[in-house]
Asks: 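Would you mind keeping the following structure in view while I ask a few things?
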Amino acid sequence: TSHVRRGLCASTVKRDYEYFDNLEIRDGVAIVKFNGPGKMNTISAGFQKDAEDILMNKVIGNPEIKAVVFMSSKSDNFIAGADIDMLKNTENKADLKDITMKAHHFFNDIKSKSKLPFVAAIDGAALGGGLEWAMYCDYRIATTSSKTVMGLPEVKLGLMPGMAGTYHLPQLVGYQTALDMILTGKNVKPAKAKKMVDMVVDPASLESVAIAQAKGLADGSVKPHKRKKDLQARVLEDVPFGRSFLFKKAKETVDKNSGGHYPAPYAILDVLESNYGKPKMTHLEDEASKFAKLAATPESEALIGIFHGMTAVKKHDFGKPKKPVKNIGVLGAGLMGAGIAEVSAVNGKYNVFLKDKDAAAVGRGESMITKNLQGKLKKKRMSNFDYSLATSRVMPMHDNSPAWTRHFGRADMVIEAVFEDINVKHKVLQEMEAVIPDDCIFATNTSAIPITRIAEGAKRPERVIGMHYFSPVPMMPLLEIITHDKTAPEVTAAAMEVGAKQGKTTILVKDVPGFYVNRCLGPFSVEVTAMVKEGVSLELLDKAMRDFGMPVGPITLSDEVGIDVSAKVGNFLSNADLGVRMQGGDDTLTNKMLEKGWLGRKSGKGFYMYPKNASKKDKKQLNPEMLALLKEYVPEANSKIIPAEEIQQRLMAKFINEAAFCLQDGIIRAPADGDIGAVFGIGFPPFLGGPFRMLDITGTQKMVDRMYAFRDAHGEQFEPCQLLKDYAASGKKFHN
């Protein structure tokens with residue numbers, strides 16, 4: 001039999017399979033290489049069919065083969081997991097149990113029939129089903145490549161591992177580490193996965209080492225790693241009291257992190273705890289059964305919707321940038337500017353010219369970046385080499401730096417993060433246009449000022465675009481890209497590309513006041529002030545929305561963003577084009593707080609108190625002076641208790657209605673953009689999938705009926721938009 005190496009003459013030899021290269025046999029070792037049609041190897045029905053064919057028909061029963069090596073022909077991934085569309089296309093989710101059990105029987109069958117040792121040679125991502133495939137093998141070798149990561153991220157999609165991950169991982173790394181990995185879905189680098197892999201090698205030697213180890217396993221000269229339990233592991237796993245303590249603590253962590261909104265972590269805990277010590281197939285039956293049940297939950301549907309939405313929002317028809325962006329100038333070294341500079345240098349690998357008015361201001365920005373990166377270094381999320389590279393890419397400069405004009409003269413893009421004032425924006429833009437090249441892109445990080453107005457001050461308006469980042473920039477994943485009527489298509493393409501390289505999820509938004517996220521927050525915030533005036537407890541407002549699934553409550557959010565910033569955006573939107581939708585509130589309290597200089601966390605007090613020496617364990621206290629002010633015009637202030645559900649429904653009705661207006665008016669391109677913007681911009685509960693996915697799951701008619709009831713009780717600001725009425729009447733869904 002002739003076996004051909006794909007790397008040598010793939011173009012001249014016909015492939016036998018769609019998802020695998022042709023089988024190779026070297027020194028008695030079968031080399032099975034994954035090489036699916038997509039960028040990433042994923043496990044699909046076609047993949048499974050090819051796997052069965054190659055293993056059952058070409059490996060088993062071949063006397064020449066003494067061992068098997070599984071590896072990938074793609075340099076950046078082993079197997080990146082199961083094909084999500086396979087789950088989506090399985091109409092009756094209960095069928096997934098039979099599909100997964102069939103896969104288990106297949107693995108058990110080939111291992112029992114062949115008696116061959118299996119080696120997984122991992123270069124690149126081995127995630128989900130990919131890691132589970134590797135764990136079915138007898139021996140695992142991983143490379144030192146920066147792209148090599150291992151993990152079981154199914155919980156992030158509202159699922160649990162379905163291919164024996166909950167069985168094999170604890171056997172390899174112990175229950176404590178396995179619980180952490182499976183419940184968080186985090187990735188692990190080979191250097192930290194010594195128990196999960198038997199060897200770590202350079203990518204160049206992976207294939208030769210894998211073959212050598214496979215031969216050693218076959219002749220008995222190599223022995224697979226066997227886990228040895230230390231005293232702590234024996235107490236936590238083998239002693240009933242210790243095991244009970246381990247799972248109790250794990251559940252407490254799940255309760256704290258999930259708020260009880262996600263069923264997957266609880267199903268994972270149940271499978272691991274209830275099947276301890278039971279036969280393997282009993283464990284796998286339970287895992288498969290619960291996997292199928294989770295796949296049918298609305299939470300999984302919502303989380304998978306976000307996964308697909310992240311892909312959908314990347315698509316655009318603006319073509320490619322005419323010129324690659326290499327050098328980025330950032331104007332303003334405050335919190336926003338320093339954050340933009342950091343993600344540009346660290347994630348984007350761009351050369352960054354960070355400029356402010358004087359050495360002290362730019363020094364503060366540089367210190368913020370250094371502090372953040374040193375934190376990563378301390379937590380080993382960044383190597384010393386990468387730290388040195390990233391910091392060397394940021395060049396600080398100020399108005400009196402003699403060479404700043406020369407540096408900005410070679411910038412491909414300038415992102416301004418200066419004070420939110422149209423005159424300041426125009427001044428900075430005109431100063432820059434005198435220095436930067438004609439083809440340089442000028443991006444403004446305004447949070448509300450229309451890009452059209454800013455571009456009116458430009459000599460080259462076609463090079464002006466909005467790039468609205470969210471604070472803190474290194475942590476917040478969303479970036480709104482805002483074009484105006486004259487923005488050149490290649491400028492938009494370049495902004496989308498830069499955002500992606502910075503590690504952002506970008507959505508395209510029409511140039512309107514507030515853009516998308518802040519526009520939706522406007523009516524939401526007005527309703528918060530309406531309830532404050534009604535006397536509703538401020539702490540209850542916060543707790544109700546946290547219980548709903550938001551990361552912070554609306555009162556705390558104002559303090560974190562800054563009372564001054566919230567008020568400015570609110571005033572701007574109140575005088576914009578939202579009309580009655582911004583009515584019903586009362587800004588008396590915030591205006592009085594501004595007069596007093598109570599701006600929130602940054603000033604030490606806002607709605608809450610922020611003492612300098614407070615520890616993280618100290619409970620936040622409401623600002624008593626703020627309460628006294630409030631009681632001057634609302635005598636019953638902070639005393640009214642209403643059902644949490646009413647708070648949640650009133651606030652979310654205003655947010656979702658505005659999101660629907662944005663879709664109706666073409667401010668966002670599609671429901672996916674609206675969902676992604678809400679989830680990544682304000683922390684809209686991911687288990688609900690975003691405003692449009694939530695409407696699909698809970699029913700648009702229910703929302704419309706609820707809004708009519710609120711309109712009758714509270715005013716015309718609750719009138720549902722026409723798009724919601726139309727979808728309610730037709731029963732149509734926003735997502736197919």
Side-chain angles (χ1 to χ4, degrees), residues 521-550 552-571 573-574 578 580-601 603-611 614 618-658 706-719:
L521 275 175
F524 172 98
S525 301
V526 166
E527 193 59 24
V528 172
T529 67
M531 283 194 264
V532 169
K533 190 177 181 183
E534 289 170 24
V536 176
S537 159
L538 276 68
E539 289 172 308
L540 176 60
L541 282 168
D542 264 355
K543 185 177 185 305
M545 294 316 293
R546 283 199 314 272
D547 289 347
F548 181 73
M550 300 291 276
V552 295
I555 305 299
T556 297
L557 181 66
S558 288
D559 271 2
E560 295 294 341
V561 170
I563 308 295
D564 52 340
V565 175
S566 298
K568 190 159 191 169
V569 173
N571 290 337
L573 291 175
S574 294
L578 282 80
V580 70
R581 306 197 298 276
M582 287 294 289
Q583 293 177 13
D586 190 308
D587 59 3
T588 307
L589 177 60
T590 51
N591 287 337
K592 288 185 176 183
M593 289 171 72
L594 287 173
E595 288 172 13
K596 299 278 187 183
W598 303 338
L599 306 181
R601 182 180 288 278
S603 67
K605 64 174 76 170
F607 288 103
Y608 291 96
M609 300 295 291
Y610 300 94
D618 292 343
K619 186 179 182 294
K620 271 191 312 186
Q621 301 294 326
L622 285 170
N623 178 357
E625 294 174 281
M626 175 276 302
L627 286 175
L629 261 183
L630 180 58
K631 286 179 179 178
E632 286 178 12
Y633 71 102
V634 183
E636 69 281 13
N638 199 45
S639 61
K640 188 176 178 183
I641 305 298
I642 63 174
E645 190 178 33
E646 182 184 338
I647 294 170
Q648 295 161 358
Q649 289 178 350
R650 280 173 66 178
L651 293 181
M652 293 321 297
K654 295 293 289 288
F655 186 95
I656 291 169
N657 194 44
E658 198 55 46
R706 189 178 295 145
M707 291 194 72
Y708 282 145
F710 287 145
R711 180 196 63 187
D712 295 344
H714 301 288
E716 291 302 310
Q717 64 270 24
F718 278 100
E719 179 70 30

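Values below: all heavy atoms of this structure, side chains included; hydrogens, waters and symmetry mates excluded.
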Asks: Roughly how far apart are L521 CG and L573 CG, rounded to 0.5 Å?
Replies: 9.5 Å
Asks: Of all the heavy-atom pairs spanning E716 and V580, show the shortest one and how long it is.
Replies: CB-CG2, 3.8 Å
Asks: Cut-off 3.5 Å, no hydrogens considered: what does the side-chain donor-acceptor table look like for residues 559-569, sequence neighbours left out?
Replies:
residue: D559; atom: OD1; partner: F607; partner atom: N; Å: 3.0
residue: D559; atom: OD2; partner: F607; partner atom: N; Å: 3.2
residue: D559; atom: OD2; partner: Y608; partner atom: N; Å: 3.0
residue: D559; atom: OD2; partner: Y610; partner atom: OH; Å: 2.7
residue: E560; atom: OE1; partner: R601; partner atom: NE; Å: 3.1
residue: E560; atom: OE2; partner: R601; partner atom: NE; Å: 3.0
residue: E560; atom: OE2; partner: R601; partner atom: NH2; Å: 3.0
residue: D564; atom: OD1; partner: K602; partner atom: NZ; Å: 2.9
residue: D564; atom: OD2; partner: K602; partner atom: NZ; Å: 3.1
residue: S566; atom: OG; partner: G562; partner atom: O; Å: 3.2
residue: K568; atom: NZ; partner: E420; partner atom: O; Å: 2.8

Asks: My understanding is that only residues two or more places apart in sequence, or in another chain, count here; which of them pass side-chain hydrogen bond (donor to acceptor under 3.5 Å, both in side chains) with E534?
Replies: R650
Asks: Heavy-atom distance under 4.5 Å between the side chains of E539 and D542, does that happen here?
Replies: no
Asks: If you round to the nearest 0.5 Å, how far is CG of L627 from CG of N638?
Replies: 5.0 Å
Asks: Just to verify, what does K631 make a salt bridge (Lys or Arg N to Asp or Glu O under 4.0 Å) with, not counting sequence neighbours?
Replies: none
Asks: Mind checking whether M531 and I642 have side chains closer than 4.5 Å, heavy atoms only?
Replies: yes
Asks: Does any N or O in the side chain of Y633 come within less than 3.5 Å of the main-chain N or O of K533, such that one atom is a donor and the other an acceptor?
Replies: no
Asks: With sequence neighbours excluded, what pairs up with K596 under the side-chain hydrogen bond (donor to acceptor under 3.5 Å, both in side chains) test?
Replies: none
Asks: Let me confirm one number: the CG-CG distance from D587 to L594, rounded to the nearest 0.5 Å.
Replies: 9.5 Å
Asks: Compare every heavy atom of L629 with every heavy atom of L589, then report the nearest pair and how far apart it is.
Replies: CD1-CB, 4.4 Å
Asks: Would you check if L651 and V528 make a side-chain contact, meaning some heavy-atom pair closer than 4.5 Å?
Replies: yes
Asks: Any salt bridge (Lys or Arg N to Asp or Glu O under 4.0 Å) pairs touching residues 706-715, not counting sequence neighbours?
Replies: R711-E719
Asks: Walk me through it: do L540 and I641 pass the test side-chain contact (heavy atoms from CB on, under 4.5 Å)?
Replies: CA-CA 8 Å; L540 176 60; I641 305 298; 4.1 Å; yes
Asks: Holding to side-chain hydrogen bond (donor to acceptor under 3.5 Å, both in side chains), I want the full list of residues that pass it with T588, two or more places apart in sequence or in another chain.
Replies: D586
Asks: Identify the two heavy atoms, one from G585 and one from T529, that lie closest to each other, and give their separation to 0.1 Å.
Replies: CA-OG1, 3.3 Å
Asks: Would you give the length of the straight line joining atom CZ of F524 to atom CD1 of I656, rounded to the nearest 0.5 angstrom?
Replies: 10.5 Å
Asks: Sequence neighbours left out, what passes ring-ring contact (aromatic ring centres under 6.0 Å, His included) with F710? Give chain and number order.
Replies: F718
Asks: My understanding is that only residues two or more places apart in sequence, or in another chain, count here; which of them pass salt bridge (Lys or Arg N to Asp or Glu O under 4.0 Å) with K543?
Replies: D547
Asks: If we only count heavy atoms from C-beta on, is the K620 to M609 side-chain gap below 4.5 Å?
Replies: no
Asks: Testing the basics here: between N623 and G606, what is the closest heavy-atom pair and its distance to 0.1 Å?
Replies: ND2-O, 3.0 Å
Asks: Tell me every residue that passes side chain to side chain contact (heavy atoms under 4.5 Å, CB included) with Q621, counting only those two or more places apart in sequence or in another chain.
Replies: K619
Asks: Not counting sequence neighbours, which residues clear salt bridge (Lys or Arg N to Asp or Glu O under 4.0 Å) with R581? List them please.
Replies: E658
Asks: Start with the C-alpha gap between V526 and Q717, add the side-chain angles, then the distance that decides, and say whether side-chain contact (heavy atoms from CB on, under 4.5 Å) holds.
Replies: CA-CA 10 Å; V526 166; Q717 64 270 24; over 6 Å; no
Asks: Taking side chain to side chain contact (heavy atoms under 4.5 Å, CB included) as the definition, give me every residue that meets it alongside S574, ordered by chain and number, with sequence neighbours left out.
Replies: M582
Asks: Heavy-atom distance under 4.5 Å between the side chains of M545 and M652, does that happen here?
Replies: yes
Asks: Quick check: do V634 and V532 have side-chain heavy atoms less than 4.5 Å from each other?
Replies: no
Asks: For E645, give me all partners under salt bridge (Lys or Arg N to Asp or Glu O under 4.0 Å), at least two apart in sequence or on another chain.
Replies: none
